[in-house]
Amino acid sequence: NFTGCSIYSNQARGMGGGVHAFGQGTGGRVSFVDCEIYSNWSRDRAVGGVFIRGGTATFIGCTIRHNTAARGIGGIAVAGYDAYLVMHSNTLYDNSAAYGACELDVNGEVPSGELFNNTFRAGTVACAGNLLFSIVGAIQFVCRPGTYMRAPPITMPTSTFTGCKYKCPSGVLGNRT
């Protein structure tokens with residue numbers, strides 16, 4: 001578990017320039033609370049910031065920014081048939097990806113997880129694929145009343161928002177899918 005940490009200026013040839021956590025099949029857990037993960041780099045395929053392969057990953061109050069993948073995902077990528085992702089009140093911005101999502105990518109193997117009150121911000125760094133995030137796995141957005149997100153699979157072009165992007169029509173409070 002990491003609390004109040006800074007993970008920065010690291011480099012990898014493959015998965016996870018800043019962090020590569022492998023918990024698939026092991027029941028592994030990793031948590032980041034009030035951490036900054038920034039200026040990490042992956043030069044081959046993969047992920048500039050954080051790559052989670054299986055197990056449970058929790059991010060609370062973190063800032064993930066300025067991570068670069070020369071040929072992959074910029075900020076956070078999650079994969080694995082037993083992965084569970086929890087993200088509460090984080091800020092993701094200015095991560096750079098040559099292709100794929102710049103801020104967050106959750107692949108189709110991921111069976112569950114939840115996102116609540118996270119800020120996704122289109123910044124000053126060019127996002128080559130114009131893709132803020134891609135969520136194919138069964139991740140649920142937990143929305144405040146009056147807002148909603150479509151159910152996965154969902155892709156979002158570069159934009160800025162906190163929580164859930166869409167406002168409900170008059171008379172509708174929202175949903176959890």
Side-chain angles (χ1 to χ4, degrees), residues 3-4 29-38 47-52 54-69 72-177:
T3 301
R29 296 176 178 272
V30 64
S31 66
F32 300 90
V33 178
D34 298 325
C35 291
E36 284 194 80
I37 301 168
Y38 64 97
V47 185
V50 180
F51 178 64
I52 305 295
T56 299
T58 303
F59 295 85
I60 300 172
C62 296
T63 300
I64 296 92
R65 63 181 168 87
H66 296 284
N67 297 291
T68 302
I73 312 308
I76 299 174
V78 181
Y81 63 86
D82 64 344
Y84 183 78
L85 174 66
V86 177
M87 293 184 69
H88 288 239
S89 302
N90 301 287
T91 302
L92 292 88
Y93 69 97
D94 277 350
N95 294 292
S96 177
Y99 63 87
C102 284
E103 308 304 335
L104 175 65
D105 183 272
V106 179
N107 84 10
E109 298 176 322
V110 178
S112 62
E114 68 178 36
L115 303 176
F116 177 72
N117 199 42
N118 296 288
T119 298
F120 294 93
R121 191 167 73 204
T124 58
V125 173
C127 184
N130 193 35
L131 189 59
L132 192 67
F133 63 75
S134 173
I135 299 173
V136 178
I139 300 295
Q140 180 177 10
F141 279 86
V142 178
C143 300
R144 295 188 188 281
T147 63
Y148 74 99
M149 290 295 285
R150 294 187 317 268
I154 180 174
T155 57
M156 181 68 61
T158 53
S159 59
T160 298
F161 68 95
T162 298
C164 296
K165 182 172 175 115
Y166 304 107
K167 301 279 185 226
C168 294
S170 181
V172 177
L173 287 179
N175 65 14
R176 292 183 58 131
T177 60

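Because only heavy atoms are used, hydrogens play no part in the values below, and waters and symmetry mates are left out as well, while side chains stay in. Since the structure is predicted, the reported quantities are computational estimates derived from the model, not experimental observations.
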Query raised in the report: Where do P111 and A83 come nearest, in terms of heavy atoms and distance?
Result: CD-O, 3.1 Å
Query raised in the report: Side chains of R144 and F116: closer than 4.5 Å at any heavy-atom pair?
Result: yes
Query - Minimal non-hydrogen separation, A101 against L104, with atom names - result: CB-O, 3.2 Å
Requested in this report: For side-chain contact (heavy atoms from CB on, under 4.5 Å), just list the numbers for F141 and I135, CA-CA rounded to whole Å, side-chain angles, deciding distance to a tenth of an Å, and then say yes or no.
Outcome: CA-CA 11 Å; F141 279 86; I135 299 173; 3.8 Å; yes
Query raised in the report: In Å, rounded to the nearest 0.5 Å, how long is the span from OG1 of T68 to OH of Y38?
Result: 14.0 Å
Query raised in the report: Please, which pairs that meet side-chain hydrogen bond (donor to acceptor under 3.5 Å, both in side chains) have at least one residue in residues 151-164, sequence neighbours excluded?
Result: T119-T162, N130-T158, S159-K165
Report task. Drop me the distance from M87's CE to I76's CD1, to the nearest 0.5 angstrom. Result -> 4.0 Å
Query raised in the report: Out of curiosity, L85 CG to T58 OG1, how far, rounded to the nearest 0.5 Å?
Result: 8.0 Å
Requested in this report: Answer yes or no: is the gap between the SG atoms of C35 and C62 smaller than 2.5 Å?
Outcome: no
Report task. Supply the atom-to-atom distance I60 CD1 to H88 NE2, rounded to the nearest 0.5 angstrom. Result -> 6.5 Å
**Report entry** NZ/NE/NH1/NH2 to OD/OE distance under 4.0 Å, E36 and R65
**Finding:** yes
Query - Name of the residue among V86, V50, V33, L115 meeting side-chain contact (heavy atoms from CB on, under 4.5 Å) with F59 - result: V50
Report task. Using the six-membered ring wherever Trp is involved, compare the ring planes of H66 and Y93 and label them parallel, tilted or perpendicular (cut-offs 30° and 60°). Result -> perpendicular
Report summary line: Taken in chain and number order and not counting sequence neighbours, the residues that satisfy side-chain hydrogen bond (donor to acceptor under 3.5 Å, both in side chains) with N90 are N118
Query - Residue pairs involving residues 96-136 (criterion disulfide bond (SG atoms under 2.5 Å apart); sequence neighbours excluded) - result: C102-C127
**Report entry** Minimum heavy-atom distance between P152 and V136, given as atom pair plus value
**Finding:** CB-O, 4.1 Å
Requested in this report: Begin from the C-alpha positions of M156 and E103 and carry the test side-chain contact (heavy atoms from CB on, under 4.5 Å) through to its verdict.
Outcome: CA-CA 10 Å; M156 181 68 61; E103 308 304 335; over 6 Å; no
Report task. For the pair N67 (side chain) and I37 (backbone), establish whether a donor and an acceptor sit closer than 3.5 Å, ignoring hydrogens and angles. Result -> yes
Report summary line: d(L132 CG, L92 CG) to nearest 0.5 Å is 8.5 Å
Requested in this report: State, to 0.1 Å, how close E109 and G80 come at their nearest heavy-atom pair, and which atoms those are.
Outcome: OE1-N, 2.8 Å
Query raised in the report: Any idea which heavy atoms bring Y148 and C168 closest together, and the distance?
Result: CD2-SG, 3.9 Å
Query - Separation between OG of S96 and CD1 of I73, rounded to the nearest 0.5 Å - result: 11.5 Å
